[in-house]
Amino acid sequence: MRILSRAIFREITSSALLGTLLFTFVLFMQKLGSGKLFEVLLRGSAPPAKVAYLLALLLPSALIFALPVGTLVGVLIGLGRMSSDGEIVAMRAAGVPSRQVVAPVLFYGLLATLVAGACSLYFNPLVIRETYRLRNEALAQQLTAEIQPRVFEEQFTNNNTILYVGDVIPSATTTARWKNVFIADLTPPEERNKPGREYGDSPRITVAAEAVAAPDPVTNTIQLSMAGVSTHEVDRDPTIYYNTSAPTGEQVLQAKVRTGEAANPITSLDTRPLLEQSRENRDALIELHQRLALPIACLLLAAVGIPLGVSSRRSGKSGAFVITVFLAFLYWMSMISLIGLAKQGRLPVLLAVWTPNTVFGLFGLLLLWNLERPGDRDILSRLRALWGNAVAGMQKLVALPRMGASRLRSLPRIPLLPGVVDTYVLSSFLFYFTMLLGSFVLLAHIFIFFELLSDIFSRGIPM
C-alpha cells in the first residue's frame, strides 16, 4: 500500500471506529431498554462477571447494524476533512486522480464486511441461543419470598394452593416476613382423607398471624415457619368440623415449575441448517438472504461515501452525520418495507432483500464514474447546488433580514435582542442544532421501529 493510500486508510479508520462505537452505544441503550434479561439478572443479584458476559453477547447483533453506518460516517468525515483542508485539491494539482482514494476506502469497507459477515452468519445465532439459555437459567433461580401483598397468589402446586398475605416485610437476605397469612389447600378430598376421617369438598384452611418465608430455588419451594397457626377442615358430614391450633407450625409451599422461553427457531438457527430449511420455508429463505445482504452494506455505503466525502467543502462532522443518518434511514426503511412485502408473499424474496443493495451499488458506481467530471457537469455539484439553495432558504427563515447600516442605526436598540454578529452566530447555531436534533430523533425512531418490528409483522400492521 502506498504512502497516500496508508494516510487515507488511517484517516477514515479513526473516524469509522468512533462512528461505529457511537452507533453501537446507541444500539446498546435500545437493547437494554427493550430486553427483559437484564431485569431478570438484576432481580436475582447476578454477579458482575455474568452481567459483563451478557453485555458482550449484545455486541455481535449491534455490530451488524453499526458497522455499515460507522463505515459511512468514517468515510464522510475522513474524506470531508481532507477536502475542506485542501488536500484533495493539492492531490489533484499534483496529477493524482481522485480515484486514488477508492482503493483504501474499499479495503476498509471489505474488512468491515468480513467482520459484519462473521457476526451475521456465525456469532449472532449463537448469541441468541446463549441469551435465551441465560434467561431461562435466571428465571429458574429467581424464586423469591417477596410476593405481592393483599393479592390471591395461585403459583403453587398446580393451582391446588391459594395464598393470601396481608403484608410483606422484606429483609436484607432472601427471607421475608409475612403478616396475616391465609392458605387454602384445594387438594381433592380423596387425597386428603385419613383413617377415620373423610373430608368434604371444602378446602383445608390454614391461618397464621405471622410467618417467616425462606425460598429454596434448588427444590423450587418456600419453607414457612409460622406463628399463631390454626387449621380448619370440614368433614363429609357438613355438621362436623376439625379445628386445630398451635403456637408454631411448619409448612412447605411447592411453587410451579417455570417453563423456559424458546428463541425464534429461524433467527437462532445456524447458517448451514438454515440453508437446508430455506428450500422449503419462506421465512428461513428471508433470514438467510438477510444475513448475507446486511454485511455487504458496509462495502456499498463506503462506495457511496467516497464521492460525497471528496466533493464536500464545509459540511464537517455535522454534515457527515446528517448525511449518514439520512442514507441509513433510506437503506433500512426500504429493506424493512420490502421484507415485509416478501413475508406477505407479495414480492419474491431475492427481489425484496437485494433491491436496496442493488440500488445503493448502482448509485455508488454512478457517483464514482462522475467523480472526475469538472464543473456543473458533475452530478454532485448539481445536487450540492440544490442543497445549498435549500440551506440558504432555511437560514433566511432563522436569521434576521439584512438591513443597511443607516437603517439599523435608525431603529431603537433593544438590549434583549442580539446584534448583527450575534444574529449571524445564533442563526448558524440554530440551523445545525435543528439538523442534529432532527437526526437524533429520527435515529431514535428507527431503533424504536426495530423494537416493534416483530409485533408489526405478527399483527399484519401496514407499513
Go through the steps for E210 and R177 under the test side chain to side chain contact (heavy atoms under 4.5 Å, CB included), then give the verdict.
-> CA-CA 7 Å; E210 184 177 330; R177 292 176 58 194; 2.9 Å; yes
Parallel, tilted or perpendicular for W354 and H289, by the 30°/60° rule?
-> perpendicular
Would you call the rings of F182 and F152 parallel, tilted or perpendicular, where under 30° means parallel and over 60° means perpendicular?
-> perpendicular
Take atom CD of E250 as the centre, draw a 6.0 Å sphere, and report whether it contains more than 12 heavy atoms from other residues, nucleotides or ligands.
-> yes
Indicate yes or no for a side-chain donor-acceptor contact from D235 to the backbone of I240 under 3.5 Å, with no hydrogens or angles considered.
-> no
So, does T271 use its side chain to make a donor-acceptor pair with the main chain of L121 at under 3.5 Å?
-> yes
Derivation of the ring-ring contact (aromatic ring centres under 6.0 Å, His included) call for F107 and F9 = CA-CA 8 Å; F107 179 71; F9 182 81; 5.6 Å; yes
Check against side chain to side chain contact (heavy atoms under 4.5 Å, CB included), L347 and T355 = CA-CA 11 Å; L347 280 179; T355 294; over 6 Å; no
Has Y164 got more than 12 heavy atoms of other residues, nucleotides or ligands less than 6.0 Å from its OH?
-> yes
Check for a donor-acceptor pair, side chain of S245 on one end and backbone N or O of S230 on the other, with a separation under 3.5 Å.
-> no
Check the pair T231 / R204 against side chain to side chain contact (heavy atoms under 4.5 Å, CB included), numbers first and verdict last.
-> CA-CA 7 Å; T231 61; R204 182 176 186 266; 3.8 Å; yes
Over 12 foreign heavy atoms within 6.0 Å of CZ, F433 | no
Any side-chain donor paired with an acceptor under 3.5 Å for Y122 and D270?
-> no
